[in-house]
There are 2 protein chains.
Amino acid sequence: MEYNAKQIQIIEVAERLFADKGFAGTSVRDIAQEANVNVSMISYYFGSKEKLIEALFAMRMGESRSRMETLLSNEDLIPIQKINVLIDSAIDRLMGNQCFHNIMMREQLSSERTPTITEHIRTLKLRNIQLMQQLIEEGQAIGAFRKNIDLSLMTTTLYGTINYAIATQDFYKRINGLEDMEEAEFQIHLRRKLSQHLKSLFKSTVTNEHHNQD
Amino acid sequence: MEYNAKQIQIIEVAERLFADKGFAGTSVRDIAQEANVNVSMISYYFGSKEKLIEALFAMRMGESRSRMETLLSNEDLIPIQKINVLIDSAIDRLMGNQCFHNIMMREQLSSERTPTITEHIRTLKLRNIQLMQQLIEEGQAIGAFRKNIDLSLMTTTLYGTINYAIATQDFYKRINGLEDMEEAEFQIHLRRKLSQHLKSLFKSTVTNEHHNQD
DNA sequence: TTTTACTAATCAAACGTTTGTTTAGTAAAA
DNA sequence: TTTTACTAAACAAACGTTTGATTAGTAAAA
């Protein structure tokens, strides 16, 4: 599906509002007003409000297709470096599309699921976990990584930490006395902190450099 | 505030529906029907739909007051054991109140904030991080823990991982081939796995047993 | 060149439903 | 009698969607 300029404008406004107020909490009139279009244009272009959010997912999913994968397969890095690239790439992806990932998070919290959206999310999560699996197995093959690593929960920690950090960034600001920092600067600060934290976490957990297991 | 049996019944139904479909996605008629009461009882008892969710927060916050704190101050455990108690207690609390914490998560994702609820969440998060701080400082004081630990992000990883694991438990089931496991059994399984994973993660990250820093 | 036929984009208005809340009333309890 | 617990009905407002009309543009026919 290709979208014209006006359709993209509507989708982008909808994305911001859905992230702010939820799908049910956003009216088509809200979207129309902010996007400076007539209410009926949403039905005209997308068929329904429901199909608008599906169009949003279709668009964003189409964009993100395999950026990480190529990033990793080419270079000849050692396993822990590849893990670090994976971490930074996940941080960039989530922090750079906060609205969309906010909507994805809401969708996963909900039991009122749209099949096509559920499928999109499943595909994305599968891709993420398989990439992680590949990297960890590479490290294990050359004896650099521990044998018993819980793949699912390692992935859960990676994405759970980033998502939760984004969701609670106001609290983070306040706790760390960064309320006066400029927004753009704060975003960079948070990225760097997350990067350091997650790399340190993964390094000490997956590598073989320490005795483990209780 | 004290609530009678019927009020509690309404609150508990509302909690389940808000968790499933979101606040805006749940109508007062949905709640009334599932709770077998007249629609007007919600306004009668709580004043408004908005004040109903505030009552829910008031009730749940009142329940959870300082269970962990006492659990930790008494016993004479070594620092890493206290961290382990903290982890298990957080898992129990979040897994045992999935609906409520689902609503809390949604509330944090939203920018349409009710001041009293925001304040409740802030209080809870502050309590969590201060407890973590206390335990980590104890460990650092006797030289058992590393010096430079990012307190905020350690807490973010703890709660982020648990919350995300709960939100994506269907995916976890499928990935690990546990679709046929009975629900109660699965909940226990997930708790144990989370416990092992987080304890291993924290142990290797906060203790001094390895060289660190890049 | 002018006319005709057709299409896509846009609009204000209206449609029927559902929303949260209020009202007016009833019946039992105090 | 007054208070409390509860209800059915009604309310205005907001909801997603549809409608019929208008505009601007294109392309073939005259």
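Each chain gets a letter, A, B and so on, in the order the sequences are listed, and its residues count up from 1.
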query = Angle, rounded to 10°, between the helical axes spanning five pairs at each terminus of the helix from C:dT1-D:dA30 to C:dA30-D:dT1?
reply =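 Between the first-five-pair axis and the last-five-pair axis there is 20°.
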ask   = Which is true for B:Phe46 with a 4.0 Å heavy-atom rule: it touches a base, it touches only sugar-phosphate, or it touches nothing?
value = nothing
Between [X] and [Y], is any side-chain donor less than 3.5 angstrom from a side-chain acceptor?
{"X": "A:Thr114", "Y": "A:Glu50", "answer": "yes"}
{"X": "A:Asp92", "Y": "A:Ser89", "answer": "no"}
{"X": "A:Arg106", "Y": "A:Asn102", "answer": "yes"}

In Å and rounded to the nearest 0.5 Å, what is the [atom1] to [atom2] distance from [X] to [Y]?
{"X": "B:Ile103", "Y": "B:Arg60", "atom1": "CD1", "atom2": "CZ", "value": "9.0 Å"}
{"X": "B:Ile87", "Y": "B:Ile80", "atom1": "CD1", "atom2": "CD1", "value": "7.0 Å"}
{"X": "A:Asn36", "Y": "A:Met41", "atom1": "CG", "atom2": "CE", "value": "13.0 Å"}
{"X": "A:Leu52", "Y": "A:Ile31", "atom1": "CG", "atom2": "CD1", "value": "5.5 Å"}
{"X": "A:Glu182", "Y": "A:Gln187", "atom1": "CD", "atom2": "CD", "value": "12.0 Å"}

Rounded off to whole Å, could you give me the [atom1]-to-[atom2] distance for the [X] and [N] pair?
{"X": "A:Gln7", "N": "C:dT10", "atom1": "CD", "atom2": "C1'", "result": "14 Å"}
{"X": "A:Met41", "N": "C:dA9", "atom1": "CE", "atom2": "P", "result": "7 Å"}
{"X": "B:Ile10", "N": "D:dA5", "atom1": "CD1", "atom2": "C1'", "result": "12 Å"}
{"X": "B:Gln33", "N": "D:dT7", "atom1": "CD", "atom2": "C1'", "result": "16 Å"}
{"X": "A:Asn4", "N": "C:dT7", "atom1": "CG", "atom2": "C1'", "result": "15 Å"}

message = Please determine whether a side-chain nitrogen or oxygen atom of A:Tyr45 lies at a distance below 4.0 Å from atom OP1 or OP2 of C:dA8.
response = no
Sugar-phosphate or base contact per nucleotide [nucleotides 17-30 of chain C; S, B, -; heavy atom under 4.0 Å] = --BBBB--------
